[in-house]
Amino acid sequence: MMVFNRKLYLDKLIRSKNKNFIKIITGIRRCGKSYLLNKIFANYLKEQGVDNSHIIKIDFDSPKNKKYTKALPLFEYLESLIKDKKIYYFLLDEIQLVEDFESVLNGLLRKENADVYVTGSNSKFLSSDVITEFRGRGYEIRVNPLSFSEFLPSFKGEKSDALNEYMLYGGMPAATELETPEEKSNYLKNLFDTVYLKDITERYKLNNVEEFNELINIISSSVGSLTNPTKLERNFKSEKGINLSKITIQHYLNYLKDCFLIDSALRYDIKGRKYINTPLKYYFTDPGLRNARIGFRQYEQTHLMENVIFNELKIRGYNVDVGIVEINGKTKEGISQRKQLEVDFVCNQGSKRYYIQSAFAIPDKEKMEQETNSLVNIKDSFKKIVVVKDSSPVWHNNDGILIMNIKDFLLNPDSLEL
């Protein structure tokens, strides 16, 4: 069995240790939250000398713990385990199975020597209102499927082949344990249908399941394309003959975001320094799940590469938008007009900003000009980068734009600083 150390998330747990917050570990189901908490973090605590009696692990998904899924019995049991004034670490897995779990967690917060960590797996727990419930006393640690750098050690072969495998089957940990393409694809399809969709349809009591599934198919087929509920409403009516309102479509998209299947990027006017609410782009949290949804029929490396770059930027903690640059241009008839050029990603983190373009290949000067046209028309001093599928090592073109191949970008956590 392949062991993934998930160092990025372990470091976050370590930095939050003994702080008076409920550490709330969220993320798409089956991405490794329970393993992170109950194996990796628990082992770390033991290595630091914490006694086993002070590491309280409860998996509420286990039949033997069903008696603790009522708030009062659970709180009384947890309270009874505190025997001294040393810190007790409560690792509570699948907390959403406990009725009124918020009251239990808020009760533990009042204990001076209780350090509380929880995971949850369905959309009830994953929605943002859980964080709001703790009114600033909840610290969310978002766990993602394996990044490429985490995935690579599990792959036997060349880095280029590993990247192609990653873009095709993604980074769900269990998928890396499977041997054949058939096994991987069946696992991902089953995960999508019997776990994620089941969670959403049960929580929101969806009646129009067929229309909901059709929306997922459309988003899967057009990953990284600009769209909005109004446009999708027109598509449903003209192409499917279905009347599905834009309000319902927006609700459906929010459901998919709540369970971390998809994420979105707003458009940002770089020169005007303002957001443009619609249209926007949607990306899948895991490319393998996206590919499985459409039966691995649309393997366009250009779009999948863009999706992988977006995910990596989010994993690194950046706020990611789609950039718009307006310039003066002319029609074929010589008439002046305003043109909008797109920057794939505008990435912000504190005072840092990067402009990033995803380009599958830059075989000649003409393609270089096409891919960098938007970047050279940004007149500020923030770094501008083009990430290419296959390229020589990092270099700068004549405009000072950094060109790097995607493997260097993904495998070096400091690649944007080169």
Side-chain angles (χ1 to χ4, degrees), residues 24-34 60-61 69 93-99 101-102 118-133 140 142-145 170-175 185-223 227-229 232-233 235-236 240 242-265 280-295 307 311 314:
I24 305 170
I25 302 172
T26 65
I28 191 170
R29 292 190 72 174
R30 304 292 192 270
C31 72
K33 301 185 297 297
S34 299
F60 296 105
D61 202 24
T69 55
D93 195 21
E94 305 286 4
I95 190 67
Q96 83 285 345
L97 296 176
V98 177
E99 292 181 17
F101 63 82
E102 295 90 346
V118 302
T119 77
S121 290
N122 69 8
S123 54
K124 175 182 185 297
F125 182 81
L126 298 178
S127 58
S128 57
D129 56 358
V130 173
I131 305 299
T132 306
E133 175 68 28
E140 183 182 12
R142 179 74 58 85
V143 178
N144 299 275
M172 299 303 288
S185 62
N186 286 342
Y187 169 75
L188 292 169
K189 289 176 183 176
N190 185 63
L191 192 60
F192 207 116
D193 293 338
T194 65
V195 177
Y196 306 130
L197 294 188
K198 184 171 180 286
D199 275 351
I200 294 172
T201 53
E202 286 183 356
R203 178 186 180 182
Y204 298 105
K205 299 178 175 59
L206 296 187
N207 294 319
N208 298 329
V209 176
E210 186 176 339
E211 286 85 350
F212 181 61
N213 274 284
E214 187 60 42
L215 175 64
I216 297 173
N217 292 337
I218 292 171
I219 296 297
S220 302
S221 297
S222 58
V223 65
T227 190
N228 59 29
L232 290 167
E233 180 184 40
N235 287 349
F236 267 97
K240 309 294 180 182
I242 298 172
N243 290 315
L244 193 64
S245 75
K246 61 184 178 183
I247 295 174
T248 299
I249 290 170
Q250 185 62 68
H251 287 321
Y252 287 172
L253 292 170
N254 289 340
Y255 301 161
L256 293 169
K257 291 179 69 175
D258 263 354
C259 71
F260 303 126
L261 262 174
I262 65 172
D263 202 347
S264 61
L280 64 164
K281 289 188 176 185
Y282 291 98
Y283 297 96
F284 271 76
T285 301
D286 183 77
L289 290 171
R290 176 266 181 187
N291 293 333
R293 178 63 195 185
I294 53 176
N307 200 142
N311 289 346
K314 297 290 284 190

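In this text, all values refer to a predicted model and were calculated from it rather than measured experimentally.
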Completion exercise
Correct closest heavy-atom pair for P173 and C31 would be CG-O, 3.6 Å
Fill in the blank from the handout: Heavy-atom nearest pair, P229 first then K246, reads CB-O, 3.5 Å
Exercise for the section: Please determine, by modelled atom types, if R290 and S220 share a side-chain donor-acceptor pair under 3.5 angstrom. Expected result: no
Exercise for the section: Step by step, work out the side-chain contact (heavy atoms from CB on, under 4.5 Å) result for L188 and N291. Expected result: CA-CA 9 Å; L188 292 169; N291 293 333; over 6 Å; no
Handout entry: Main-chain N/O of V143 paired to K33 side chain as donor or acceptor, under 3.5 Å
Key = no
Practice task
State whether the side chain of D286 and the backbone N or O of G171 hold a donor-acceptor pair below 3.5 Å, judged by distance alone.
Solution key: yes
Exercise for the section: Tell me, yes or no, whether the heavy-atom count around K314 atom NZ, taken from other residues, nucleotides or ligands under 6.0 Å, exceeds 12. Expected result: yes
Handout entry: Whether N311 side chain and F284 backbone form a donor-acceptor pair below 3.5 Å
Key = yes
Practice task
Write down the atom of I28, the atom of Y196, and the distance for their closest heavy-atom approach.
Solution key: CG1-CE2, 3.5 Å
Completion exercise
Smallest heavy-atom separation, Y283 atom then A265 atom, equals CE1-CB, 4.3 Å
Practice task
Over 60° means perpendicular and under 30° means parallel, so classify the ring planes of Y255 and Y252, tilted if in between.
Solution key: tilted
Problem - N208 side chain to E211 backbone, donor-acceptor under 3.5 Å - result: no
